[in-house]
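Reading through the structure tokens given below for one structure.
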Amino acid sequence: MAKRRKVSNLLGLAVLSTVSARPMHPYEMASLMRARGKDHDMDIKWGSLYTVVANLEKHGYLAVEGSVREGARPERTVYRITDAGREELADWVRELIAVPERERPRFEAGLSVLGALSPDETARLLTERLATLEREIADGRAALAAETEVPRIFLIESEYDLAIRSAEAHWVRGFLAEIEDGSLPGLDLWRAFHATGTVPPELAELAERGAARE
């Protein structure tokens, strides 16, 4: 089970990782995180950056190093990571790597209520999704192949993302084939529901069983 952390926003993890290299001010943190694609690796709301930095300082994970002024721009506070911050960073990463946590993708939410769409529309939408996934997979493979000078450890999250997308594409391809060739169990009931607008008795009974279990 995930720990309750004093700063639980994953942006805090990205900040600690970024500042672990050297002290910097929040604007520089954001610039580096964007350049490194951190907003692709985790859900980041950039508008909360200063709040997250303030919370990290409040709990002793960051400390003020000083301030800088660049040209006519306002003075900016520079932060450094503390020993407690390094410990928190390492512990947070250990947890994320070692402890599986059930995540709820939007695609799974859609699949859970797929009966709202007809089989034909579902097949069309899955075909569209599969085409997008295949483009993204091809682009991801090309991008990884082009990174010949970057150590693999710094690309490992991209490898993982590619593997997950490839697995999803494989599943979508198989499910789509079952709809298109008519081998999907219950397909006739699904079609009957959308043809008549009436829930077949077999499906109604299954729905009632589900409600009873709740």
Side-chain angles (χ1 to χ4, degrees), residues 1-109 136 139-168:
M1 178 180 290
K3 294 181 180 179
R4 290 181 60 86
R5 297 191 179 275
K6 294 176 181 177
V7 179
S8 58
N9 188 327
L10 282 175
L11 179 53
L13 178 71
V15 167
L16 289 175
S17 175
T18 302
V19 180
S20 66
R22 58 179 174 81
M24 60 187 76
H25 52 73
Y27 183 83
E28 188 176 11
M29 296 175 200
S31 297
L32 279 174
M33 286 188 284
R34 283 194 175 98
R36 294 170 180 171
K38 285 302 171 190
D39 47 352
H40 295 292
D41 302 332
M42 57 188 78
D43 185 18
I44 287 181
K45 294 179 174 58
W46 296 109
S48 62
L49 175 61
Y50 284 88
T51 299
V52 168
V53 168
N55 285 336
L56 289 170
E57 182 192 6
K58 172 185 174 182
H59 294 292
Y61 301 140
L62 294 179
V64 174
E65 176 79 358
S67 61
V68 294
R69 184 185 295 276
E70 299 170 354
R73 296 184 179 185
E75 190 173 66
R76 289 172 170 155
T77 303
V78 175
Y79 295 89
R80 63 174 174 81
I81 193 168
T82 63
D83 289 342
R86 290 188 188 280
E87 290 175 10
E88 176 68 4
L89 171 61
D91 187 63
W92 205 342
V93 175
R94 288 188 194 103
E95 177 190 298
L96 290 172
I97 298 301
V99 182
E101 193 168 346
R102 189 75 171 91
E103 298 178 27
R104 304 286 183 182
R106 287 164 52 86
F107 183 43
E108 185 176 340
E136 292 176 345
D139 290 345
R141 286 175 176 160
L144 281 175
E147 296 287 1
T148 56
E149 297 181 1
V150 179
R152 185 181 171 207
I153 189 62
F154 297 115
L155 300 171
I156 206 73
E157 74 279 10
S158 297
E159 279 191 22
Y160 174 76
D161 180 68
L162 186 57
I164 293 299
R165 289 181 185 277
S166 297
E168 181 182 326

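Note that the numbering runs from 1 along the sequence shown for the chain.
The closest donor-acceptor contact from the side chain of Ser17 to the backbone of Ala14 lies at 3.5 Å or more, if one exists at all. Panel note: side chain Thr82, backbone Tyr61; a donor-acceptor pair is recorded below 3.5 Å.
Between Asp91 and Glu87 there is no side-chain heavy-atom pair separated by less than 4.5 Å. No side-chain heavy atom of Glu157 sits under 4.5 Å from any side-chain heavy atom of His40. Two residues are said to be in side-chain contact when any heavy atoms from C-beta on lie closer than 4.5 Å; Tyr79 and Met29 meet this criterion. With a 4.5 Å cut-off on side-chain heavy atoms, Val93 and Leu13 count as touching. No side-chain heavy atom of Asp39 sits less than 4.5 Å from a side-chain heavy atom of Met33. A heavy-atom distance below 4.5 Å is found between the side chains of Leu11 and Leu49. In this structure the side chain of Leu16 reaches within 4.5 angstrom of the side chain of Leu62, judged on heavy atoms. Residues Glu136 and Asp139 are not in side-chain contact: their nearest non-hydrogen atoms beyond the backbone lie 4.5 Å or more apart.
Annotation for Tyr160: atom OH does not count as buried by contact number, only 12 or fewer foreign heavy atoms lying within 6.0 Å. Heavy atoms from other residues, nucleotides or ligands lying under 6.0 Å from CD1 of Ile153 number 12 at most.
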For Arg5 and Glu95, run salt bridge (Lys or Arg N to Asp or Glu O under 4.0 Å): C-alpha distance rounded to whole Å, both residues' side-chain angles, the deciding distance at 0.1 Å, then the answer.
-> CA-CA 11 Å; Arg5 297 191 179 275; Glu95 177 190 298; 3.0 Å; yes

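Salt bridge status for Asp83 with Arg86: absent, with no side-chain N to carboxylate O gap under 4.0 Å. Here Lys6 does not pair with Glu88 in a salt bridge; the nearest charged N to carboxylate O distance is not below 4.0 Å.
Atom OG1 in Thr51 sits 11.5 Å away from atom NZ in Lys58 (nearest 0.5 Å).
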